[in-house]
Amino acid sequence: MKIISQNEIDRQYACMEKVRLLNGTGKRVLVRTFGCQQNEADSERLAGMAEAMGYVRADSPDDADLILVNTCAVREHAEQRALSITGQYKHLKEKNPNLIIGVCGCMVTQEHRLNTIKNSYPYVDFLIGTGMLYRFPEILLAHLENDKRLFFNDEVEGNIAEGLPVSRESKIKAWVSVMYGCNNFCTYCVVPYVRGRERSRQPDAILAEVKSLIADGVREITLLGQNVNSYGKDLDCGVDFADLVKEICSLDGDFILRFMTSHPKDANRKLIDTMAECGKCARQFHLPMQSGSGRVLTAMNRRYTPEGYLELIQYMRSRMPDIAISSDIIVGFPGETDAEFEETLEMLKKVQFDMTYSFIYSPRELTPAAKLDCQIPAEVKSARMERLLAVQNEISLAKNLAAVGTIQRVLIEGESKSSADMLTGRADSNKLVHIPRTPESEAKLGSFANIRITRAETFALFGELAD
Ligand code: 5AD
Ligand code: SF4
């Protein structure tokens, strides 16, 4: 792991200034993001650097001078979508040869994908792996000066670069990365190969960022890390994740704190107790279970048992009875039998998650599970997925119906995606809440409001202002 020196950061700022002078005004950038919240946070940094280089945001690919595709590698589907979008930009380049196209992030950090783009997408101007995103200004400048294609995907082990500009998508909500990378090597997962080893930011740097967000009026802060419960293990300063959460919650200001993702092997009672004692912590916990079968969990290298997982859930509910719990589930891991899949369904019924994100197992090059010869046929995986969704949707709906009649604090964020007559926000439980758009509800945009829940669906609650 490498902390990027102030000299190096200054060098990137000098490159930003040179690009700004070269480009003049009026150039437009479009950042297209695939994948997880960490990628969204990375894209906000890329956009921040682009804005410091004089670019303004483009509304569509057609009016962009620079397009960055920030890719995900976690499943085949995400890679195919990024490749297909990149493919669609070919005709834009034909119309406008000055258009610059860069592809970056997890997908191109893999050697074989880097080579695919290098060889089959000749109109892509540069590729940047996750470990080198901080060098985007230098890479763009080199391309502008020499008109050469550039491929940067080493430094995979990872680094920490502080002090680069950020252009946030929302004025109300913000991501704050507390650590990067992953050491867990779950056997299905490509993340440790493309995001390097675990490394924590210094608590002071995180606190300074959070303080400035609060001062700017941000109401929801989500701490990000592939495995936030490992926070601080590499720092030797005696601060663990629970300490960090406590410290942030002690800051003045009207905000709510969320975090993700927790690994069940590391999520501990200290963290749960801290959440229970801190009023600013959301009553929400995302705890990926992946499978309800002990054998499959071992084959996944998850290092916990279904019993241990249940114990953690029970302790969480004993400390915070109103907590909403969500999870990630993989169906069709190599060798998963019908009986083992049934164990997952049984666990869903036992735990009663508020919601789950479920995924069909997707073999990833480099990972041990992809090499197993007991891969599950696609139709079996799909059939299992359908059954899982049926079980979980019924649970999610029942949980949401139980909220009808309650009053929930909701951060009102903006217009609903489905109707201009509705506003949308998130309850403390992170559930989506829709309310009618009225002058009174509009006045609450960007702040917390008490909402009486009047109706529930599987994926959303509906309500009205309670005061
Ligand atoms: N196939 C399917 N799902 C996967 N995930 C990670 N790797 C794979 C894979 N190869 C899921 C896990 C993880 C979530 C972010 O993505 O459930 O928690
Ligand atoms: Fe992937 Fe497991 Fe690390 Fe999560 S903890 S990023 S699933 S290897």
Side-chain angles (χ1 to χ4, degrees), residues 33-42 71-81 105-107 109-110 113 130 156 158 177-200 222 224-231 233-234 241 259-267 285-293 296-304 309 325-336 341 344 347-348 353 355-372 375-376 378 380-382 384-385 388-389 392:
T33 309
F34 293 87
C36 66
Q37 289 79 5
Q38 185 57 57
N39 252 22
E40 287 180 26
D42 285 348
T71 61
C72 168
V74 93
R75 280 172 292 276
E76 179 71 17
H77 182 61
E79 294 198 328
Q80 289 308 334
R81 278 180 55 222
C106 293
M107 182 175 80
T109 309
Q110 306 165 104
R113 289 297 192 195
T130 53
V156 175
S177 299
V178 299
M179 59 182 303
Y180 307 97
C182 182
N183 289 354
N184 288 319
F185 291 94
C186 301
T187 55
Y188 51 80
C189 188
V190 76
V191 167
Y193 304 89
V194 293
R195 285 204 172 264
R197 297 292 65 75
E198 283 177 358
R199 51 214 190 267
S200 307
T222 304
L224 292 182
Q226 246 71 45
N227 177 16
V228 288
N229 306 98
S230 287
Y231 176 79
K233 284 187 184 162
D234 54 327
F241 187 61
F259 55 82
M260 66 191 307
T261 295
S262 287
H263 193 303
K265 82 175 166 53
D266 299 315
F285 211 108
H286 183 64
L287 194 65
M289 179 177 83
Q290 312 297 3
S291 167
S293 150
V296 173
L297 287 176
T298 304
M300 288 176 162
N301 191 30
R302 291 290 287 177
R303 288 171 279 171
Y304 54 85
Y309 185 89
I325 303 174
S326 57
S327 202
D328 291 345
I329 310 285
I330 296 179
V331 301
F333 181 81
E336 181 188 66
F341 172 64
T344 298
M347 275 294 272
L348 293 189
F353 291 112
M355 77 177 286
T356 60
Y357 301 88
S358 28
F359 308 104
I360 288 181
Y361 169 73
S362 167
R364 304 285 66 214
E365 193 144 326
L366 305 173
T367 63
K371 299 183 187 90
L372 295 172
Q375 302 291 325
I376 307 288
V380 176
K381 291 197 266 193
S382 303
R384 286 183 187 168
M385 180 67 148
L388 184 134
L389 290 177
Q392 181 55 42

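For ligands, and for the atoms within them, numbers begin at 1 and follow the listed sequence.
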Trainee: Could you tell me whether atom 3 (Fe) of ligand 2 has an N, O or S atom of C182 under 2.8 Å away?
Mentor: yes

Trainee: For I360 and ligand 1, answer yes if some heavy atom of the residue is under 4.0 Å from a ligand atom, otherwise no.
Mentor: yes

Trainee: Quick one: look up the protein heavy atom nearest atom 10 (N) of ligand 1 and list residue, atom name and how far away it is.
Mentor: S362 O, 2.8 Å

Trainee: Closest non-hydrogen protein atom to atom 5 (N) of ligand 1, residue and atom name please, with distance?
Mentor: R75 NH1, 3.4 Å

Trainee: Are any N, O or S atoms from C189 nearer to atom 2 (Fe) of ligand 2 than 2.8 Å?
Mentor: no

Trainee: Contact between Q38 and Y180 at the side-chain level, heavy atoms closer than 4.5 Å - yes or no?
Mentor: yes

Trainee: Sub-3.5 Å donor-acceptor pair from the side chain of R302 to the main-chain atoms of P264, do we have one?
Mentor: no

Trainee: Atoms of ligand 2 less than 4.0 Å from R302 heavy atoms?
Mentor: 2 (Fe), 7 (S)

Trainee: Pairs of nitrogen or oxygen atoms closer than 3.5 Å, one from Y361 and one from ligand 1: do any exist?
Mentor: no

Trainee: Is there a donor-acceptor contact under 3.5 Å linking the side chains of Q290 and Y188?
Mentor: yes

Trainee: Is E198 paired with K233 through a side-chain N to carboxylate O contact shorter than 4.0 Å?
Mentor: no

Trainee: Is R195 near ligand 2, meaning one of its heavy atoms is under 4.0 Å from it?
Mentor: no

Trainee: Just jot down the ligand 2 atoms closer than 4.0 angstrom to any heavy atom of P192, in number order.
Mentor: 8 (S)

Trainee: Would you please say whether a donor-acceptor pair under 3.5 Å links the side chains of T187 and N301?
Mentor: no

